[in-house]
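On a predicted model such as this, the values are computed, not experimentally measured, just so you know.
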Amino acid sequence: MPKDSRAGVEINWSQRGQGEPALLVHCSLGHSMAWVGVMAELEQTLDIISFDLPDHGCSGATPDGAEMQSTLADVIVTFLDEPRHIIGHSFGATAAILASIRFPNKVLSLTVIEPVLFALVKETDALKQYDYVMRPFYSALAKQDFIGATDAFIELWGDGRKLEDLPPNNADYIIDHIHVLPLQSSSVYNDINNLLGPGQLERLAMPVSLIAGDRSPKVAIAIIEALHTRLPDALKFVITGAGHMAPTTHPRQVAEIVKTVLCK
């Protein structure tokens with residue numbers, strides 16, 4: 001797998017498939033191989049680049065003093081040497097939106113799977129309920145109980161398995177990276193990069209698809225609904241039986257949605 005410096009970060013990435021160029025941006029606490037099932041379904045259709053986010057996998061750390069979402073968006077842009085389809089998941093999807101707003105002419109289409117844009121649903125019952133449910137997570141983090149924090153987090157945002165049911169290397173990886181999540185709060189809660197300002201989302205003139213799982217946290221579904229209100233021409237899809245980790249649990253359904261978009 002190639003590894004080079006992009007936007008000031010050593011980025012580990014791979015390329016596979018044939019067809020139209022595409023870029024996959026994974027979620028927090030994951031790595032580029034989280035897309036392996038989706039890539040297997042799409043490699044006859046797309047020329048795919050997948051990379052480890054900064055602070056994840058085999059990539060380097062976000063530079064000191066840099067903000068994570070903006071840095072990730074800058075990394076995404078370095079891969080847009082030619083216009084590409086972008087498919088992003090969770091926090092990766094928020095940065096994919098930011099990069100697409102900044103350089104809409106470099107994005108053939110944008111597919112986002114449950115972007116965690118909590119700022120979009122401020123003051124709603126969905127966010128208030130989510131903040132309440134997440135109290136054990138933040139309480140454990142405050143005590144530096146990273147195992148307890150991980151357990152609380154994946155109960156809501158995981159693939160349906162408990163921490164003790166994960167392979168030890170997967171569990172250890174998530175525990176080792178759980179401290180990253182609070183560092184993203186300024187962008188996802190406060191929108192410091194102004195994704196949601198007047199006219200910003202409306203810059204997304206490319207085909208946009210919004211994906212949620214019907215078993216996902218209510219706040220994730222509320223965000224998709226709010227995005228669809230701002231982007232009424234976007235296509236909205238709900239995957240039956242899927243939670244937040246649809247790219248790993250339902251790769252075929254995700255890939256079929258992507259193919260639907262490509263055929264438009």
Mark yes or no for whether S216, through its side chain, and H244, through its backbone, hold a donor-acceptor pair below 3.5 Å. yes
Side chains of residues 145-154: which donor-acceptor partners sit under 3.5 Å, not counting sequence neighbours?
from : atom 1 : to   : atom 2 : distance (Å)
D145 : OD1    : G148 : N      : 2.9
T150 : OG1    : F146 : O      : 2.7

With a 4.5 Å cut-off on side-chain heavy-atom distances among I, L, V, M, F, W and Y, is there a chain of contacts connecting W13 to I48? no
Side chains of H56 and S28: does their closest heavy-atom pair fall under 4.5 Å? yes
Are the side chains of D131 and Y189 in contact, using a 4.5 Å heavy-atom criterion? yes
Determine whether more than 12 heavy atoms belonging to other residues, nucleotides or ligands lie under 6.0 Å from atom CD of E202. yes
Quick check: does any side chain N or O of K3 sit under 3.5 Å from a backbone N or O of C58, one acting as donor and the other as acceptor? yes
Taking L231 as the starting point, is it possible to reach V258 by hopping between hydrophobic residues whose side chains are less than 4.5 Å apart? no
For the pair H179 (side chain) and D176 (backbone), establish whether a donor and an acceptor sit closer than 3.5 Å, ignoring hydrogens and angles. yes
Backbone N/O of M245 and side chain of T249: donor-acceptor pair under 3.5 Å: yes
Hey, are D52 and S32 close enough side-chain-wise for a donor-acceptor pair under 3.5 Å? yes
More than 12 heavy atoms of other residues, nucleotides or ligands under 6.0 Å from CZ of R230: is that the case? yes
Consider only side-chain N and O atoms of S50 and H26, and report whether a donor and an acceptor are under 3.5 Å apart. no
Transitive ILVMFWY side-chain link V77 to I101, under 4.5 Å: no
Answer yes if the side chains of Q18 and Q44 hold a donor-acceptor pair under 3.5 Å, and no otherwise. yes
Which class fits the ring pair Y173 and H31: parallel under 30°, tilted 30 to 60°, perpendicular over 60°? perpendicular
Please indicate whether E67 has more than 12 foreign heavy atoms, meaning atoms of other residues, nucleotides or ligands, lying under 6.0 Å from its CD. yes
Please determine whether the number of non-hydrogen atoms from other residues, nucleotides or ligands lying under 6.0 Å from atom NZ of K162 exceeds 12. no
Could you tell me whether D74 and R102 have a side-chain N and a carboxylate O separated by less than 4.0 Å? yes
Can you confirm whether L166 sits close enough to R161 that some side-chain heavy atom of one is under 4.5 Å from a side-chain heavy atom of the other? yes
